[in-house]
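Below is one structure, written out as structure tokens; the observations come after it.
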Amino acid sequence: MLCTTSQAPKGKRWAILGDIFQLGTYAHTEHSACGSSLAGLVDYLIAIGDQARFCVEGAISSGMPEKNAYYFSADVNNSAELEAAKRAAADFLKHEVRPGDFVLLKGSRGMRMETMLAMLSSE
């Protein structure tokens with residue numbers, strides 16, 4: 001869907017990803033593979049959480065320019081820290097995303113990524 005959705009000319013594709021839970025010993029490998037597969041599909045990657053850093057590493061190792069990949073660290077077991085990381089990412093996105101850009105927001109249910117929607121729409 002992400003790569004087949006039409007967008008405005010000069011529009012950019014953004015993926016905002018939170019940690020993927022319940023991966024156990026495969027967490028590093030699967031987060032890295034996720035980032036790697038996105039490298040050719042999105043223009044920008046925002047990763048939030050702990051394991052999500054491996055998404056950024058995977059994307060960069062697969063050709064995404066470092067300047068297009070951002071990581072917002074957070075202890076996912078600390079609600080205040082996680083919400084602060086999402087707030088920082090939302091503030092960054094409000095300054096960078098332009099009309100015509102496509103934004104995908106995804107994370108495990110435990111990441112409560114939906115709270116970012118309110119953050120993105122607030123002034």
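Using bins of under 30°, 30° to 60° and over 60° for the plane-to-plane angle, the ring pair F92/W14 lands in the perpendicular bin.
Of all the heavy atoms in H95 and D91, the pair that sits closest is ND1-O, 2.8 Å. The two residues S37 and C34 make their nearest non-hydrogen contact at OG-O, 2.8 Å. Here the closest heavy-atom approach between residue M64 and residue A69 is recorded as SD-CB, 3.9 Å. What you find for A90 and M119 is that their closest heavy atoms are CB-CB, 3.6 Å. Closest approach of A59 and L45 over heavy atoms only: CB-CD2, 3.7 Å. Shown here for M116 and I48, the closest heavy-atom pair between the two residues is SD-CD1, 3.6 Å.
Summarising the geometry, atom NE2 belonging to H31 is positioned 9.5 Å from atom CZ belonging to R53; distances are rounded to the nearest 0.5 Å. Distance check: T115 OG1 to L105 CG gives 8.5 Å after rounding to the nearest 0.5 Å. The distance from the CD1 atom of I60 to the SG atom of C55 is 11.5 Å, given to the nearest 0.5 Å.
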(message) Could you walk me through whether K12 and E96 satisfy the salt bridge (Lys or Arg N to Asp or Glu O under 4.0 Å) test, starting with their C-alpha distance in whole Å, then the side-chain angles of each, then the deciding distance to 0.1 Å, before giving a yes or no?
(response) CA-CA 10 Å; K12 303 296 181 193; E96 298 298 323; over 6 Å; no

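The main-chain N or O of F21 is never found under 3.5 Å from a side-chain atom of D19 such that the two would form a donor-acceptor pair. Under a 3.5 Å cut-off, the side chain of K86 and the backbone N or O of G18 do not form any donor-acceptor pair. A donor-acceptor pair under 3.5 Å links the side-chain atoms of D43 to the main chain of R13, judged by distance alone. Without hydrogens or angle criteria, S36 side chain to S32 main chain gives no donor-acceptor distance under 3.5 Å.
Residues D101 and Y44 fail the side-chain proximity criterion, which asks for heavy atoms closer than 4.5 Å. A heavy-atom distance below 4.5 Å is found between the side chains of L17 and L38. You'll find the side chain of L93 reaches within 4.5 Å of the side chain of I16, heavy atoms only.
For E66, the CD atom counts as loosely surrounded, since its 6.0 Å shell holds 12 or fewer non-hydrogen atoms of other residues, nucleotides or ligands.
When hydrophobic clusters are built by joining Ile, Leu, Val, Met, Phe, Trp and Tyr residues whose side-chain heavy atoms come closer than 4.5 Å, directly or via intermediates, Y70 is not grouped with F54. Using a 4.5 Å cut-off between side-chain heavy atoms of Ile, Leu, Val, Met, Phe, Trp and Tyr, with links allowed through other members, V56 and Y26 fall into different hydrophobic clusters.
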